[in-house]
Each structure stands twice: as C-alpha cells, then as structure tokens.
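Structure record follows, encoded as structure tokens.
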Amino acid sequence: MSQQTHRLSQGGRIDRGREIRFTFNGREYTGYAGDTLASALLANGVSVIGRSFKYHRPRGLVGAGPEEPNAIVQVGLGGQTRPDQRATQVELFDGLVASTSARLGFDPMGLNNTFSRMLPAGFYYKTFKWPAKSWPSYEKRIRQAAGLGYSPTEPDTDRYDHMNAHCDVLVVGGGPAGLAAALRAGRAGARVMLVDENAEFGGSLLAERDAQANAIDDRSPHDWIAASVAELSAMQEVRVMTRTTAFGNYDHNFIGLMEDKADYRGGPGAGEVRHRLWRVRAQRVVLATGALERPLVFGNNDRPGIMTASAVSTYLNRYGVAPGWRTVVFTNNDSAYQTALDLKAAGRDVAAIVDIRTNPTGALADAAREAGIPIHDSSAIIKARGSRRVKSVQIAQVKYGQLAEEGDTIACDVVATSGGWSPVVHLHCHIGSKPQWDDEAACFLPGPDNPGQSSAGSVTGAFSLRKALSQGFEQGGAAVAELGFEPTAGAAPSAPAPGTVMPIQPFWIAPTGKPLSRGPKQFVDYQNDTTAADIALAVREGYESVEHVKRYTAMGFGTDQGKLGNINGMAILASLLDQSIPETGTTTFRPAYTPVSFGSVAGRTADHLFDPERKTAMHDWHVQHGALFENVGQWKRPWYYPKDDESMQAALDRECRSTRNGAGVLDASTLGKIEVHGPDANRFLDMIYTGGRRKMKTGTCRYGLMLHEDGMIFDDGVTAKLDENHYYLTTTTGGAAGVLNWLEQWHQTEWPDMDVFFTFVTDQWATVAVNGPKSREILQALCDDIDFDREAFAFMTFREGTVAGVAARVFRISFTGELAFEINVDANYGRHVWEAVMAAGAPHGITPYGTETMHILRAEKGFIVAGQDTDGAVTPMDMGMHWAIGKKKDDFIGMRSLSRADIVGEGRKQYVGLVPTDGSIVLPEGSQLVNDPEAALPMPMVGHVSSSYHSDTLGHSFALAVVEDGRSRHGETVYSPQVDGSVIAATITDPVFYDREGARQNV
Amino acid sequence: MSEIKIESPLVDQVEAVRGNSAPAKVGVRMTEHPFLGQIVLRGKSSDTAFTAACAGVLGCEVPTTPNTYAEGQGVVIAWMGPTEWLVLVDGESTPAWLSALRGALADVHAGVLDTSGGQTLISLEGPAALDVLAKGSTLDLHPRVAPTGFCTRSLLAKSAMFVRVVEAGQRFEIVVRRSFADYLWQWLVDAGGEYGLAIQPAESTLVLAGLQASAPPKTATGA
C-alpha cells in the first residue's frame, strides 16, 4: 500500500481521523474522508492517471473540478459501473474501485505519438467520409484504441428517480454569490432552491485559505459558509442541495438538475435512489455558476504535473495535498500569484513565477516579491521536459508575442498555469443567448439576461469576493422583488476591499520560433488530443467557421465539452484567421453541462414500471388458470389457456371446439365503453356513425362503423340504446381513448351547439362474454329476473337484471357467430360473476378462451377487427360492409368522401377470404399477394393478408385479406411469395367461412 | 349462490389490503379506500335547474370555480371540468345517492353515472407526501399554489389521476382508474420507499375532512 507522500501535515477540509481505502487501476491506496479520487491519488503521489485519446501520451490531473479533461475514470464494477467519471468530482468512499481503461505502463499505441504526422487532424473525419463501407471497421479500431469507458453489460439493479419541482427562485451555484443570493431571496419568504455540484457549498472560497484576512461579515470564510448554509437550511421554503448539477437550461425557466444521491457513498441503501433527475420550473433563475481557469498553451503542456494554478490552490487548501515539491508558476494575470503564495505557505518551493506581463505590480505581485519568489516578467514557458512527469521548463523572453530570447531551463515537478478565467456561461447560453467578449477581462461574459434570469458573481466577470457577494445579494433581492416579495433591508455580506490589481494580458500560445507543426505539441484540448497545429491545419484546409473547425479537429468534443481548452482554441483560430475573437465566436453551448446518467433519464420508468400494465377485474383468475397474456395497448389480455403441456394450436383447437359446441367464455372487459347522453345524442351519433341511430328502439343494439373525414374506417363497435338519447358505446380495446377524443373534438370544435355528454366508463364495467350453444342455459342458471326466451330476448337487444346476485346489463350480441350473451357488471364484482359463470357452466364444459381463439372464431365468421383487417385506407365498401351505411342518411363524417371517384372506381383492394391450397400452411399475417409469382421484379402486389389462422372448425387454414377487385375474383388463385423463397398459393373466397346464413346466433 | 364477493382493483397487492410493517421513520402514510361511492355528475353549471336540483340533493352547491371541491353532509363534490363533477360518498349509501340524484335530475339535461367499480381512491399523508407526488406529477402542489380545497385531473407517472388536496401540503387523495390502479400502486410504493412508507390496511369508508359519512338527506330522496 502506498503512502500519502504528498499530503500536507495539516490543513484542508478532510477528516484525517477517517482513513478511506480505495483501489485504482488494481492497486490499493488510502485517502481521507473529504477527499476526491483525484486529491487522494495526488496525495499518494500518483502523477500518471491515464493515457490520452489519440497519442496515448501519459496524462495527469489538470484541474480540480468539472473541467478536468484527463482524469476520466471508470468507477465501480458490474451492473453499477459508471464510465466517464471525472476523478476530480468522484468522492472517496471505502471500497471505491476505479480505473482508467488505457494501459499505464508501456503502451504500444504510444507509437501514435511518434508517428503522429500520419494521423493528422481530421483523420477520423476522413475515415468516415471515404470509403464509406470501411467506416464500421475503422470505428471499431478507433474505439479500441481510444480508451473510452465502457457501459455495464449486466442490468443495473439500482433505482433512479425523477422529481418535478417548482420554486420562486432557483440559484445555481453555491459559492459566495449564490449563497448571498439565496440568503436574500430566502429571507424574503420566497420558495428558493440553491443547488451546487460540489459536495459542499462555498465554491471558490473552498479553494482559498480559511484566513481571517478574507473574512466575510467578520467571520472566517468557512465559518460564514457554515452559518449561511445553516440559516438557509432552517428556512421552511428553502431547499439546499449539494452534489446537484444544473446540467441544462431550457426555455421558460425550465432547468434540469442531476442529483447524486448515492454515488458519493458507494451506493444507495434499501429503498433509496442513486441519481435523481430534477425538472425545475423556476419563476426566476440566478446563475452564479462561477468561472473556470484557463491553462496556458505551450510545448508539451500536457505533461503530468502541469495544472491550472487554481487547481494547485484547491488541492493545497481544500484537500491538504501538495501536487509536488517545486513549482513554476506561469501566468498572464494576478490570480496565479495567490497560488504561489499558497505554495509558500504550505512549505513548498516556488522556483519562479513566469509572467508574460512586463513589470508586474499590484498587491499580489508585491507579496510574491516579499516572499522571495523570483519573478521572470515579459516571459513565457515555451516548452516542458519530462515524460511521465514534468522535470523542467524552458522559459524565454517574449516581445510582441514573438520569441525574443531563449532563457533558463528551470527544474520543477509542478507547473501551475493561469491564462485567465472563463466564466461558466454555459447555462446562460443553452437557450440561445450568445456570450459576449470582454476585452478588459479577456473572457466571454453572459450576454443580456434571458427573461426571468440573471447572473451574479464571477460568471459576470466579477472576480473579486466583495463584488461577487454584493452582486449575489442584489440579484437575489431583485428576483424576489419582481415576484412581489419584499426583500429584507440590510447590506450585502461584506468582504475586505481587494488590493490593487494589474490587468490581465491576453496570451493564447507561447511562441517557439518555429512553425506550429514543427515544435513540440501544444495542446489545446487535452481530451481529444487537439493541438494548436491541428487548428492551423484546419485553417489551411479551408475551414473558417469555428463550428467547422470544431468538427474537423474534434476540439470541444468529449465528455468535458472543451470546458478547459475551447476558449484558447477559438482565440488561436481567431489569430490564424487574422480576425478578432468576437468575430470568430464560440461554438454552441448545449446541454448537458456535465454528463447525465442514463439511469437518471430513465428514472423509475424501467422494469415493471416501464409502462402501465392495465388489468381487468378477472386478471388474477386468468393468472391462476394458466393463461398466457397478450399485450393489447397497455392491457394484459388472456391470449390462450394451455393445459399441462398442451401446444398452442392444441389449446386453441380445444377452446374453439368447446365454444362452437358447448360454451366458451371470454374476458371482454377491455373493450372501450363510453356513455353518450343528452338531448342531441341521436343527432350527434348519426353524424359519428355510418349507420342511423335515431330510429333505434330503446333496448336494442346496433353494430356501427366510424369513419374519418376521408371515408376510411377507423373504429367499430356495438351501440346499445339505453334510453331515448342515451347510448352505451363500445369501441375497440386499443381505440377507446382515440374514440373519446374524436367525439370530444367534433363536439367541441364543430357542433358545440349540441347538448350531449360523453363519459368514459371503460373501467366501470367488467364484461363476461359467454358464447356457445349452451350459453342460454348458463345464463338462466345465474339469473332469474331476465326472460332468456329466444323471442323475448332477441338477438341484438339487451336487458337489465341480476346475474349471480349482481346488477347487470346483459347484451345478446355475438362476436363468434354463436348464441352469446355479454354480461356487464360493476367491475368490483367482475371476479365474482366470472367465477359464478364458470361454476354454472361447468356441467356444460365451459372453457375460458383468450384473444387468439376469439380471433379465430370471429375470422371464421368474417368479422373484422378494426386496426387489423382495416389499415386506415379502406372504406366500408372495400370491406363489403355496404349494409352498415344508412341509406337514408343526409350526412355523417366521411360520407362525402365515399362518393369520390377513386373510392367508387375499380381497382380498390377489397375484403376477401383466402384458403391456402395446402390447408396445413398458415399464411403469415402481413404477407403480400401477387397474381403471378413468376412476374418480373418489382412484382406488382395486389393485396395483403390481414388475419390468418388454422381453423379446427373448418379443418384447414384460412385467412382474411384485401385484394384488388377481390370480390369479383372469388375462386381465383393468388400467390404469396415468402422471405424464405417459397410461394404459398391460395384461393380467393368469400370472407365468411362458417354459418353464412347466421343461423347459429339466432337460436 | 355463494356470498357476493367484492374486490378492489388492488386485490393482488397484499399490502394494500393488510398494510405493511411500518418503517421506523415514517415520511408518508398510504391507504387505499376501496368501494366508495364514486358518481360522475354531468350537467351545465349555467343551467339553474341543474344546479338547484343538485344542491337540493347534495346539501351544498356544486362548485363552479375550476379546480375546487365542496363538502356537504357525507359527500364531496369535486369540479372535474366545465360540465363534470365527481361525487364521492360512502359505499353503503351509494344506491341512495344515485337514485336521489337521478330522481332530482330526471327532467334536466344531466347525467348521473356510477363509476364506483371503475376507480379507487388512495390517500397519501405525511411530510413526504408532496415529494412522492412530485416524482410523477408536474403539478405544483405546494400549499401556496394548491391549498386545501384544490383538486384537479392530471397525470401521475403514466396514469391519469384525480387529486384532491385534503390538507394543504400534507394530505392528498388520488382517484385512479381501476385498470391503472395496480400499476400506480406499485409506482407509489417504489417512489415512497426512500421516505419511509407506512401502508395502512384498506379502509372502505369515505374520510372527509372532519365530516361523517351519511346517506342523502331524507327530503332529497323523497322518502
């Protein structure tokens, strides 16, 4: 086990009393509670964390936060493994296992570095341009070589979650500005959410020494943070959330957050969730997202040990870790001087401060001089030496951006660089705002505020603590004032006045005195191995738009989305194009700010909760009796009920036989049911159905077709007339909601003058459909207040009565062609009545049947299933259902379309039956039909099979189909070429195969 | 004939019927209230004959302010839409309420539909109740937006729901259609798990905000 050789003897916000053991790349280490994986590795002296994407160069930590491009690790094992985690944001917990997939020792792919001239920028781009068919094999090789993470191959058994939230003010970022904003808004009584991606609030304050010199409101910074968070947490209407990343800003103040509920402690406990995706609707948003430090670009600037200055300070002050022993600071602005002072305070050598500016002045420069740190002004590091660790840097005098004179080589094991600060404008820009370049601060700032949003703190370029606090306080107050709250009086939290500051001097690339492509590599985007030379190549090849250059060089792709390097790259592009940075612009900022887990996107919409399983009142009975289920819409319907080791066909044959010869029973509860009532119900339904309703007698039922305006069938069902102007409609199972919408649409938009109501009652009624010659006897045994006499209770009528002690509506309708009764009862009694039917039917051998037998029986009768035999392109005439159209009707929806020339003309596909020449072959549903299977390709297709089964009743297979002019072709043969090359011949017949006279249902 | 068996749509959810062993820390209590009388009332609020007839039976005016409900003696009347109300009553007295309403509305353009078998009611109560609902509903049910007396139809997870705020921010009642109930119950159990979910045995009585269940007033039934 390694020692924490780089841990400082004191300091940092870690708990030295709690040692944490973890494994990285197969090796065990220890760190402390409060560490990140990055700080713990650094404490253990691990400088090489991974290999780069393309050149496989050894890479170490560059940053300390979300911007980290190199330390991208795979965390965890098995189904919970998470790829592409930033080691800088992975909190340490006991037993953590992490790895970088690239090999760290001798790496043969490192040869890519040596032969890099053969792998220029745009290499990948070119591979998928030409030759096209080679891309899949290129892709495989590239992915293997690139060392990306991997997805779990096992199921992730953890829970993930969604939460919808609403608030008055959402404050993004819990640094000084965000805390001040949340305090002001919360004190006014507003509903406030304060979110921060870190494990604790404090933002930039956590990276600084907790010194009284930086006191806020006379408290040390850390005490002020603690007091502020405590005050906020105590407010009833304030929700404070750490480990929560605002990853996306969408229109109308809709913000996406991802909260880590369990990664940081090794996983969720029982009942808990791992990640939670928040969908926040905020009245006002205050973006206090801070700024990220830019690195400087020079030769071999990717060597392990070369980091941003703020990262060095963060590791020192927050984690009590010194990245090395002897540091060279390279900067173009003041802030890195603070890092030099922090290093000194931690007892580490600062070999030099290399400052591109001439004669640095100001409070920090003075302090550095006082501390005895040598300052090389008007100078730059032009290249670093060392491979697995920086060993020294070569500095040079720079004048007017050009190399003036090569200077010393300075030995060091850390280089802390600062090229200035880039405000985190990402969220501000997600909804389309463009960032605006600020020459003075040498950075992009948020443009004009988005509606209902404002920014505060260093994201606005307010880099001093005092200004950040006052801005946050002001914006928090403004946000609530706009919403009608009264912001509390009082001043913003106070911080000491900043010392004198020397302005930043923009500096984008260190000159080497050679063409870009000849010197050592100057990395712009570490994760994608994009160098300044690559950008120059893109420009030489004619790319000018920053968006094109991005795609050509891959700059800004990757899991870090160029947080660190993009601005440098754009500035280099601007200078190569000899235009200004604003003219060059930025690439588009899109969500997500940092990667969002798939689990959190799915939430609990997984496994058994993926989609509702709608169940009937008799569902459990079906389960207990061995039913296999079919999904019909969201419904679970019994498909068939195999007995013992019965085959499917054997079960279907048995169910069919029993129904045709004795009795069968189907759970028909899933059919859509709508009550239509009101003085204009007759009028309304006359418009909806092709057939008339007005003249129906109360107590009768009628089959009906609904058409769309184009005259095509879209749903069917039976209408029962409960009373004058009071109907009970049934629809197809899958079409129920659509039919209700259809009725409401026509009522609300076309005929609002009609007094009619539609009430959806599908769930109220359990429907037990008893079919077969014995059904009457069964009903008679269960019901003594309905006269089941053939004449008294005629076909296509209904009665109300009591079945098995339960109030029921009994319909004498049939979907099998047999004598049949459909019993409708309050669904709370559905199971009871079903079981009573089974008991009463037992002497008659009653057999439950499912949807498959239902289909066979109805198809034998030629009864259509809307949506199966119809496809939205057939009219009632096509289906041979002229009888369903009211001859004397003035109008109904779709009527006018039925007289269109193309509807009445010849050549339309018409509904027919098919009997395969070989009755043992069941035509696959959906099969195309042709007249001549030997015809030249493309073979003219004359129709298709819509339903197809084996019939026990008929003793052979049969099918329903639509065939061009099929009704006049009965007796002719059509052919169905199959995917396996075989051809099935079938004879066209009438679509009614059984009991053509309809005698059996009229007994 | 054997005894008539009545079954809730949650019959397969053992905990819904019997309750669970409550966790040490309870953030939300959940109870099914099956077999209540759930009557859909259709009519026009502009039709005074309709509103007067309803008020006569229900003992209070039907609420015409969108997304509100009223409580009468043993009855909750919730606004569901411009021409639709949900009337919740005790299960035992449902036939009496139905016939009283149908009698009073016989000559009015109105509808009285029994949907008692088509839906069930689940109550959620406790400090985490709001968060559980927020996981599946985009509604803002915060007391400032949805005070006691608020109700609406909406979606919860992938199911339609009717939600009634019985006590702002603390106690909610959800009415779910029978065929979705099993799914939604499982969803609620999963969503509530992290807060400490206590499931109480099913309770087939209407729990009003301090009101007792009762049959319609005698005068209204014409008895």
Side-chain angles (χ1 to χ4, degrees), chain A residues 159 161-167 191 237 261 268-273 276 279 281 603-605 608-617 619-620 623 634-635 669-670 675 677-679 726 755 757 759-766 782 804-806 825-832 835-836 839, chain B residues 1-9 11-12 23 34-35 38 40 42-44 47 83-84 91 95 109-111 113-120 131 133-142 144-145 157-159 176-184 186-187 190-197:
Chain A
R159 276 186 177 77
D161 199 26
H162 290 170
M163 182 78 90
N164 300 290
H166 305 259
C167 63
R191 295 164 67 189
E237 299 298 346
K261 302 280 288 177
E272 297 173 342
V273 300
R276 175 170 291 160
R279 302 186 285 209
R281 285 273 176 207
R604 42 177 40 78
T605 308
H608 67 294
L609 298 176
F610 176 69
D611 206 39
E613 290 185 352
R614 298 178 67 185
K615 295 174 180 172
T616 72
H619 182 84
D620 201 36
V623 173
Q634 291 170 318
W635 287 97
S669 309
T670 62
E675 286 212 16
H677 49 103
H726 188 176
D755 273 339
F757 295 133
T759 308
F760 202 59
V761 292
T762 299
D763 290 78
Q764 166 67 13
W765 299 97
L782 290 169
V806 179
V825 292
D826 177 327
N828 283 341
Y829 302 99
R831 173 90 183 252
H832 166 77
E835 288 180 350
Chain B
M1 183 55 53
S2 57
E3 191 187 333
I4 295 173
K5 182 166 67 182
I6 183 166
E7 280 187 352
S8 146
V11 63
D12 290 345
F35 315 132
Q38 304 210 14
V40 170
R42 302 298 303 263
K44 291 181 164 179
D47 181 351
T83 61
E84 185 171 349
H109 170 38
L113 294 101
D114 184 8
T115 58
S116 309
Q119 44 207 34
T120 191
D131 279 346
L133 292 177
K135 289 183 177 193
S137 163
T138 55
L139 290 175
D140 188 359
L141 292 171
H142 187 275
R144 289 182 190 172
V145 180
K158 290 190 176 183
S159 169
V176 57
R177 278 162 54 186
R178 162 177 274 278
S179 57
F180 287 92
D182 189 79
Y183 156 78
L184 194 63
Q186 293 183 62
W187 186 92
D190 198 58
E194 68 174 292
Y195 303 108
L197 174 68

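The chains referred to below are lettered A, B, ... by the order of the sequence lines, with proteins before strands, and numbering in each begins at 1. As a basis for the values below, the full set of heavy atoms in this structure was taken, side chains included, without hydrogen atoms, waters or symmetry mates. Since the model is a prediction, treat every value here as computed from it, not as a measurement.
- Both the backbone and the side chain of B:Ile6 have a heavy atom closer than 4.5 Å to some heavy atom of chain A.
- Neither the backbone nor the side chain of A:Arg281 has a heavy atom closer than 4.5 Å to any heavy atom of chain B.
- Counting heavy-atom pairs under 4.5 Å between each of B:Leu197, B:Leu139, B:Val40, B:Leu184 and chain A puts B:Leu139 at the top.
- Looking at A:Trp635, only its side chain comes within 4.5 Å of chain B, counting heavy atoms on both sides.
- In this structure, B:Gln186 and A:His608 have side chains that are in contact, with non-hydrogen atoms separated by less than 4.5 Å.
- B:Asp140 touches chain A through backbone and side chain together, each having a heavy atom under 4.5 Å away.
- Shown here for A:His832 and B:Glu3, the closest heavy-atom pair between the two residues is CE1-O, 3.5 Å.
- Across B:Gln119, B:Lys44, B:Gln38, the residue that shares the most heavy-atom pairs under 4.5 angstrom with chain A is B:Lys44.
- Taking both residues in full, the closest heavy atoms of B:Ala134 and A:Met163 are given as CB-SD, 3.6 Å, listed atom of the first, atom of the second, then distance.
- Contact count versus chain A (heavy atoms, under 4.5 Å) is highest, among B:Ala191, B:Gly136, B:Ser8, for B:Ala191.
- Of all the listed residues (B:Gly118, B:Ser179, B:Gly196), the one sharing the greatest number of non-hydrogen pairs under 4.5 Å with chain A is B:Ser179.
- For A:Thr605, the side-chain contact (heavy atoms from CB on, under 4.5 Å) partners two or more places apart in sequence, or in a different chain, are A:Phe610, B:Lys158.
- Looking only at heavy-atom pairs under 4.5 Å with chain A, the residue among B:Thr120, B:Val11, B:Asp114 that has the most is B:Asp114.
- Options A:Asp826, A:Thr762, A:Asp755, A:Val761 differ in how many heavy-atom pairs under 4.5 Å they form with chain B, and the most are formed by A:Asp755.
- Contacts between B:Asp190 and chain A at a heavy-atom distance below 4.5 Å involve backbone atoms as well as side-chain atoms.
- When each of A:Arg279, A:His619, A:Glu675, A:Lys261 is scored by its heavy-atom pairs under 4.5 Å with chain B, the top score falls to A:Glu675.
- Residues A:Ala827 and B:Arg178 approach most closely at CB-NE, 3.1 Å, considering heavy atoms.
- With respect to chain B, the highest number of heavy-atom pairs below 4.5 Å among A:Glu835, A:Glu272, A:His166, A:His677 belongs to A:His166.
- Inter-residue side-chain proximity for B:Glu84 and A:Phe757 is flagged as unmet; no heavy-atom pair is nearer than 4.5 Å.
- The two residues A:Asn828 and B:Pro9 have their closest heavy-atom pair at OD1-CD, 4.2 Å.
- When every heavy atom of B:Arg177 is checked against every heavy atom of A:Phe760, the shortest pair comes out as NH2-CE2, 3.1 Å.
- B:Lys135 is linked by a salt bridge (Lys or Arg N to Asp or Glu O under 4.0 Å) to A:Asp161, B:Glu194, counting only residues two or more places apart in sequence or in another chain.
- For the residue pair B:Tyr183 and A:Leu609, the shortest heavy atom distance occurs at CE1-O, 3.9 Å.
- For the set A:Arg614, A:Arg276, A:Gln634, A:His162, the entry with the most heavy-atom pairs within less than 4.5 Å of chain B is A:Arg614.
- Checking B:Thr138 against A:Asn164 by side-chain atom types alone, no donor-acceptor pair falls below 3.5 Å.
- A distance-only check finds a donor-acceptor pair linking the side chain of A:Gln764 to the backbone of B:Ser116 [under 3.5 Å].
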